[in-house]
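Here's the structure we're looking at; comments come further down.
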Amino acid sequence: MVLIDKKIFVGGVAMIIAGVVIGISIGEGPTGHAEMTEEEFIDLMVAEDENQALQLLYGLLIGVGFLLVLISFGARRRKGSVKRTEKKPAE
C-alpha cells in the first residue's frame, strides 16, 4: 500500500491540468507579415511578450504541480510515528 497525502496529490494534479489547459489555449504565437506598419509591429511585439509570459506561467504550473504530485507520495505520517510533545518552561 502506497502512502499518499490526497490533498497535496489533488492540488498537484489540478495544477498540471491548469497548465495543460493554458498551454492548449495559447496555441501558436502571433505571426507578422512583411509589409507591417510601425503600429502593427509594436502590437506584434506586445502580443509576443504576452505569449512568452503565458508560456512561462503554464510551464511553472506544470512543474510545480509535478513536484507536488511527487511530494504527495510518502508525505502522510505513518501510524505509530513519534508524536511531538511540548515541554513547559521551568519557572
Side-chain angles (χ1 to χ4, degrees):
M1 180 177 187
V2 179
L3 298 174
I4 296 177
D5 189 347
K6 292 178 184 175
K7 291 179 183 178
I8 296 175
F9 182 77
V10 170
V13 170
M15 290 180 79
I16 291 172
I17 291 171
V20 169
V21 166
I22 291 173
I24 291 172
S25 68
I26 289 175
E28 292 191 26
T31 57
H33 52 85
E35 300 172 358
M36 291 192 315
T37 64
E38 188 171 332
E39 185 176 322
E40 290 175 334
F41 180 71
I42 292 171
D43 290 340
L44 176 66
M45 295 296 287
V46 169
E48 285 178 349
D49 188 40
E50 290 174 356
N51 189 27
Q52 185 178 9
L54 285 174
Q55 284 179 347
L56 178 66
L57 174 68
Y58 80 78
L60 286 172
L61 277 173
I62 292 173
V64 172
F66 182 70
L67 286 175
L68 284 176
V69 168
L70 289 179
I71 289 170
S72 71
F73 291 100
R76 176 179 285 180
R77 287 185 178 230
R78 297 185 174 115
K79 293 180 183 177
S81 64
V82 178
K83 294 182 180 179
R84 293 184 184 186
T85 57
E86 291 186 23
K87 294 182 180 180
K88 295 183 180 180
E91 294 181 7

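Position 1 is the first residue of the sequence; numbering continues from there. Every heavy atom of this structure was used, including side-chain atoms; hydrogens, water molecules and symmetry mates were not.
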Hey, can you pull the donor-acceptor pairs under 3.5 Å for the side chains in residues 52-63, sequence neighbours left out?
none

Measuring from I42:CD1 to M36:CE, what's the distance to the nearest 0.5 Å? 10.0 Å
Below 3.5 Å, can you tabulate the donor-acceptor pairs from side chains in residues 9-32 to any protein atom, sequence neighbours excluded?
from, atom 1, to, atom 2, distance (Å)
S25, OG, V21, O, 3.3
S25, OG, I22, O, 2.9

Run the side chain to side chain contact (heavy atoms under 4.5 Å, CB included) test against M45 and tell me which residues pass, sequence neighbours left out. F41, E48
Rounded to the nearest 0.5 Å, how far does CG of L44 lie from OG1 of T37? 10.5 Å
For a quick test of reading the model, state the closest non-hydrogen atom pair linking E35 to E40 and the distance between them. O-OE1, 4.2 Å
